[in-house]
Amino acid sequence: MANRRDSRIEPSFEGPPQARSSAGLSVNEEDRVVPSNRKASAKRKPAKGKSSRGGRGRSRRGLFGVFGRLFYWCFVLAIWGGIAAAGIVVYYGAKMPAATTWSIPDRAPNIKIVSADNQLLANRGMSGGEAVGLHEMSPYIPEAVIAIEDRRFYSHFGIDPIGLSRAMVTNLLGRHFSQGGSTLTQQLAKNLFLTPDRTLERKVQEVLLALWLEHKHTKDQILEMYLNRVYFGSGAYGVEAASRRYFGKSARDVTLSEAALLAGLLKAPSRLSPARDPKAAEERSQLVLAAMRDEGKISARELASAMSAPATRSPSYWTGSENYVADTIMEELPDLIGDVRGDIIVDSTVDLTLQKLAEQSIRRLIDDSGKKLNVTQGALVSIDDSGAVRAMVGGYDYSTSQFDRASEARRQPGSAFKPFVYMAALEAGRTPDSVRNDAPIKIGNWTPDNYGGKYFGKVTLATALAKSLNSVAAQLTMEVGPNAVVEAAHRMGIQSELQSNTSIALGTSEVTPLELTSAYVPFANGGYKPDIHFIRRVTTTDGKVLYDSGGGSAPRVVKPEIVGMMNSMMTGTVETGTARKAAFAWPAAGKTGTSQNSRDAWFVGYTANLTTGVWFGNDDGSPMKKVTGGALPAQAWHEFMVAAHEGVPVRPLPGTWKSTPADTIVPDEIPSANNAPPAPVPSASVGRQAPAAQAAAPAPPPAPVRAARPAQTVDADSLAMPEDDSATASIKHPVPPGNVGGPLKKKQTSILDILGGG
């Protein structure tokens, strides 16, 4: 027992490890489950090199840990962001109609207006231009647009992640919204379906619609739709409208530099429009050209050539007088075909060559004499015998004023209204050979003086009309009555309201140049009143006829013998009267007119082919400097009509009448309207006015009544209106039908009878 106990080896924690028996059990301080309170540092110091390596290892593990945690949380956030984005898309997508109901809306219909010789006058409608196929337009246009707006158009799926990311980074760095990441497909979706509001809902819907467009249509179809609908500024939608607007040509003929300018407008159409800022438009086009070169669309030589092209300068508005015609056609079109639901072609009656001639004549005369004579505006209307308007100029320059003075401005016609007075007198039994005494005349408080106070004594009606004698016109109006004059004017084509009083003899009621000219057409065509029209036919683009004027029959409004007498008298106006400057090789007739103080100057004349009216004046009604109807209007008429009749066979004016001196009537035997002798039977030859010697009688002295109250004096084609006290004055002082130098009739007539035509 003692031996076993003595041989047993007890565990020991004392002494160095080397002293321990290799066969016995041995533990040290590090083997304790619970270490002792002794500090390990007191026993052993670690080596320096070993400690450094351990620190770097822990540092690396810490750095990787930070990035790992960052990656982890980014991944988590991306997942939640994707879920949120998907939720937003689902939410806003659910608010949209079902995709099965989506369809491309119809493009705003274009109205193409062409001239009688099949030249383009204008495009009208919301787009302002017809749709042009991608294969039809200049190839530079799509290349330029893609280069500057969406260079990866043919490779993305409707959304360009690269472009979108680039735009986001640029906007973040710049701290403001300067770039957009929308593709052409997205822009088309916005233009077709959405409002321009910058909201999250609109952006989500834009993306969904872009994906749908890419699924339903080819890239070329999308690009073609985009180019035919996008806004290019200045009221032009689509490349055809923009090309016509800025370059005056079709999109088919656009050059490289012009295509670059069009593509540059898409960023800011209104601000970069060459009609507003040509320099800004040119600078932007240079950027487009550089982008095209970077994309390999053009060569270095093409780039240099396009860069050297001069800047495009466009008028601030559509220019050309043919636009006055287009505007009028647009006003008439709904009454003919109703609402326009698709592209249509309007064949107009206007001859573009004549239209340009008319515009050039009006502008040249104003350019040459406008400042000297204080005239700023002019208008011209030309109508053929069928009522077709062949030319219409509504002002000096359409680009600066779109107000149509030809069809909308009502002005006093002055003596240009007198033909209706004389026609009413002829219908009441007078003839061109009938004689009246041209002398001072007073009607109540109104004295219709002749030009310069000159009077010619006994004259025929033919001479009185040729010389535009106011006193004779006033006498005739009193004889036949103002109502007869108003009826004759309306029957011939005047549509404006006319005042039924004696002063109507001198054209005090306002009319438009278009209606006054149209009222002369029956004199030119033999007595028929056609429908005045601008439109011959309306068809769809595939040839379906929507309207055809048909050239229906025109009613007769004047007897042939009256037409013959009127043409005989108004021929004298051109040959020997106030419109001598209008005369040319063709048989022509007409009448001048000048309103009070030369505020309006007119000449309306005609041949057997055309009836043309010309007006000059100022929009504010300010007087011109002694401009009469026989001056600028007659000159413009002459220039236009000479050119319009070049190469056309000469035709005589319709109707015949032969002067028969035995039919003349002396002043003392003036018949009343109710007891008029029958009109003479017309003969086979065209008559002429009475010999000039017959009109050479000296003027009698002014009537004594004129000294009692000074009368207002106006020129031969004008009028000073009386004050509104003539009725009471006539009761106290009855006035005879006119003091014409001979013995007065003893009939007691009040001014009410005079003004009423009794």
Side-chain angles (χ1 to χ4, degrees), residues 132-156 160-167 169-170 173-174 178-188 218-224 226-228 230-234 236 238-269 271-314:
V132 181
L134 194 64
H135 63 285
E136 296 178 296
M137 66 182 70
S138 167
Y140 293 123
I141 294 177
E143 291 175 354
V145 171
I146 290 174
I148 195 66
E149 289 291 319
D150 189 0
R151 63 185 61 185
R152 283 175 290 276
F153 172 73
Y154 280 103
S155 60
H156 63 62
D160 184 6
I162 299 176
L164 183 61
S165 301
R166 174 181 51 79
V169 171
T170 302
L173 294 178
S178 61
Q179 290 192 14
S182 295
T183 63
L184 292 180
T185 312
Q186 288 176 264
Q187 294 181 42
L188 176 62
T218 66
K219 288 288 187 179
D220 285 348
Q221 290 173 333
I222 292 172
L223 183 58
E224 181 177 306
Y226 176 82
L227 292 175
N228 279 297
V230 68
Y231 184 57
F232 285 92
S234 296
V239 291
E240 179 68 12
S243 300
R244 297 283 183 185
R245 171 67 180 86
Y246 298 124
F247 315 126
K249 62 172 69 172
S250 171
R252 300 169 177 83
D253 305 318
V254 164
T255 64
L256 172 58
S257 60
E258 293 167 343
L261 188 145
L262 291 178
L265 295 176
L266 298 176
K267 180 180 180 181
R271 179 171 59 84
L272 296 175
S273 168
R276 176 179 178 180
D277 192 342
K279 183 178 180 181
E282 183 66 16
E283 290 175 352
R284 177 67 177 171
S285 70
Q286 304 285 332
L287 295 178
V288 176
L289 290 170
M292 294 179 71
R293 180 70 185 98
D294 292 342
E295 292 297 309
K297 301 293 185 183
I298 58 175
S299 65
R301 184 175 181 179
E302 289 177 309
L303 174 65
S305 177
M307 287 280 193
S308 62
T312 298
R313 298 186 179 275
S314 302

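It should be emphasised that the depicted structure is a prediction, and the values quoted were computed from it without experimental measurement. Counting begins at 1 with the first residue of the sequence.
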For [X] versus [Y], what's the shortest heavy-atom pair and its separation?
X: Ser257; Y: Ala306; value: CB-O, 3.9 Å
X: Pro269; Y: Gly233; value: CB-N, 3.5 Å
X: Pro142; Y: Met137; value: CD-SD, 4.1 Å
X: Phe232; Y: Tyr246; value: O-OH, 2.8 Å
X: Ser299; Y: Glu302; value: N-OE1, 2.9 Å
X: Ser308; Y: Ser305; value: OG-O, 2.7 Å

Interatomic spacing from [atom1] in [X] to [atom2] in [Y] - rounded to 0.5 Å:
X: Gln187; Y: Leu266; atom1: CD; atom2: CG; answer: 7.0 Å
X: Ile146; Y: Arg152; atom1: CD1; atom2: CZ; answer: 12.5 Å
X: Ser182; Y: Leu188; atom1: OG; atom2: CG; answer: 12.0 Å
X: Leu184; Y: Ile222; atom1: CG; atom2: CD1; answer: 9.5 Å
X: Arg151; Y: Met292; atom1: CZ; atom2: CE; answer: 12.5 Å

Report yes if some heavy atom in the side chain of [X] is under 4.5 Å from a heavy atom in the side chain of [Y]; otherwise report no.
X: Glu224; Y: Asn228; result: yes
X: Leu134; Y: Leu223; result: yes
X: Ser243; Y: Asp253; result: no
X: Arg244; Y: Ser250; result: yes

Check: Is there a side-chain contact (heavy atoms from CB on, under 4.5 Å) between Tyr226 and Val145 once you walk through the steps?
Finding: CA-CA 10 Å; Tyr226 176 82; Val145 171; 4.0 Å; yes
Margin query: Using the rule side-chain contact (heavy atoms from CB on, under 4.5 Å), only one of Val254, Leu256, Leu262 pairs with Tyr140; which is it?
Written below: Leu256
Checklist line | Pair Phe247-Ser314, side-chain contact (heavy atoms from CB on, under 4.5 Å): steps then yes or no | finding: CA-CA 8 Å; Phe247 315 126; Ser314 302; 5.7 Å; no
Item checked: Residue list, ring pair (Phe, Tyr, Trp, His ring centres under 6.0 Å) with Tyr231, at least two apart or on another chain -> Tyr237
Next item on the list: For the pair Glu283 and Lys279, evaluate side-chain contact (heavy atoms from CB on, under 4.5 Å) and give the outcome as yes or no after the intermediate values.
Entry: CA-CA 6 Å; Glu283 290 175 352; Lys279 183 178 180 181; 3.4 Å; yes
Next item on the list: Using the side-chain contact (heavy atoms from CB on, under 4.5 Å) rule, take Arg284 and Ile148 through it: C-alpha gap first, then chi angles, then the decisive distance, then the call.
Entry: CA-CA 10 Å; Arg284 177 67 177 171; Ile148 195 66; 3.6 Å; yes
Item checked: salt bridge (charged side-chain N to carboxylate O under 4.0 Å, His left out) contacts touching residues 134-149 (sequence neighbours left out) -> Glu136-Arg252
Notebook entry, point to check: Just by distance, with hydrogens left out, do His156 and Asp150 show a side-chain donor and acceptor under 3.5 Å apart?
Noted result: yes
Next item on the list: Check for a donor-acceptor pair, side chain of Glu240 on one end and backbone N or O of Ala251 on the other, with a separation under 3.5 Å.
Entry: yes
